[in-house]
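Everything on this sheet refers to the single structure shown next.
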Amino acid sequence: FEQAFAPLVYAQAAREAIHAFKYQGRHRLGSWLAAQMAACARRRVPLAEIHAVVPVPLHWLKRRLRRLDPPIALARALARTLGMPYVPLLRRVRWTTTQTRLSSSARVRNVEGAFQVRANHRVNGGILLVDDVLTSGATANACAQPLHDAGFQPIYILTAARIPHCP
C-alpha cells in the first residue's frame, strides 16, 4: 500500500472508545470514529485517486458471533460521508486467530493468504482500505497484496487509530 493514515493514536480514550464500539455494543461510537476518519481523509488522503472505500472483512463466523463487523460499519459510514462508493472487494477465505497477543512475525504468518479479491466486483482506480486499528501492518499488507495483484492502485489504508510506533 502507498501510505496509512489514522486520526487517533491507539491509547487511553481512543483505545477505550474502540473497544466499546467493537466489543460492548456501543455502535454509536462508530459514527464518531467514522467522522474522525473522514476529517483525516479529507486532510491527508489524495481523494481524487480513490474510486472505492473497501473494508477489511472479518471471517463470517466471527461476524456472526460479534453481530457487528467494525471495519464494514466504519467503511459504510465513511463512504457515505465522503460521497464515495462502498465496495466490499475482499473476502476472508480462512479463519485467523486474533492478532492482539501475537508477535509481529506471527501476525504476518497468521493473516498470510487469508484474503482474496471477489471476482464479481469491478473498480477502476484507487482503493481506500478501511480497518479499525493499525498495529503491525500485517493485516493491511495481507489485504493490499491481493488488491495490488488484481490491478487496484493506488491503495491507501485508513484506520480509526494506530499504535504510536507504527510507520
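In summary, the side chains of Q145 and N141 do not present any donor paired with an acceptor at a separation below 3.5 Å, with no hydrogens or angles considered.
In terms of heavy atoms, E49 sits closest to P154 at OE1-CG, 3.0 Å. Here the closest heavy-atom approach between residue T139 and residue D131 is recorded as CG2-OD2, 4.0 Å. Listed here is the closest heavy atom pair of R42 and T81: NH2-O, 3.1 Å. Heavy-atom minimum distance, V53 versus A75: CG1-O, 3.6 Å. Residues M84 and L47 share a closest heavy-atom pair of CE-O, 3.5 Å. Minimum heavy-atom separation, R92 to F115: NH2-CZ, 3.3 Å.
In this structure, the side chains of V56 and L90 stay at 4.5 Å or more apart for every pair of heavy atoms. Residues C40 and R43 have side chains in contact (heavy-atom distance under 4.5 Å, counting atoms from C-beta outward).
Rounding to the nearest 0.5 Å places CD of Q36 at 11.5 Å from CG of L74. Considering CZ of F1 and CD1 of I127, their distance stands at 14.5 Å, rounded to 0.5 Å. We find the CG-NE2 distance between L128 and H51 to be 12.0 Å, quoted to the nearest 0.5 Å. Distance check, rounded to the nearest 0.5 Å: OH of Y86 to CG of L78 gives 11.5 Å. Within the model, atoms SG of C143 and CD1 of I157 stand 7.5 Å from one another, a figure rounded to the nearest 0.5 Å. In this structure, I155 CD1 and I50 CD1 are separated by 9.5 Å, a value rounded to the nearest 0.5 Å.
Every residue meeting the side-chain contact (heavy atoms from CB on, under 4.5 Å) condition with Q3, not counting sequence neighbours, appears here in chain and number order: F5, Y156. The side chain to side chain donor-acceptor pair (under 3.5 Å) search around R26 returns none, not counting sequence neighbours.
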Exercise. Apply side chain to side chain contact (heavy atoms under 4.5 Å, CB included) to the pair T159 and V133, showing each step before the final yes or no.
Key: CA-CA 5 Å; T159 59; V133 178; 5.7 Å; no
Practice problem: Could you check F152 against V117 for side chain to side chain contact (heavy atoms under 4.5 Å, CB included), going step by step and ending with a plain yes or no? | Solution: CA-CA 10 Å; F152 298 104; V117 174; 4.1 Å; yes
Listed pairs under 3.5 Å, donor-acceptor, residues 6-19 side chains, sequence neighbours left out:
from: Y10; atom 1: OH; to: H19; atom 2: NE2; distance (Å): 2.7

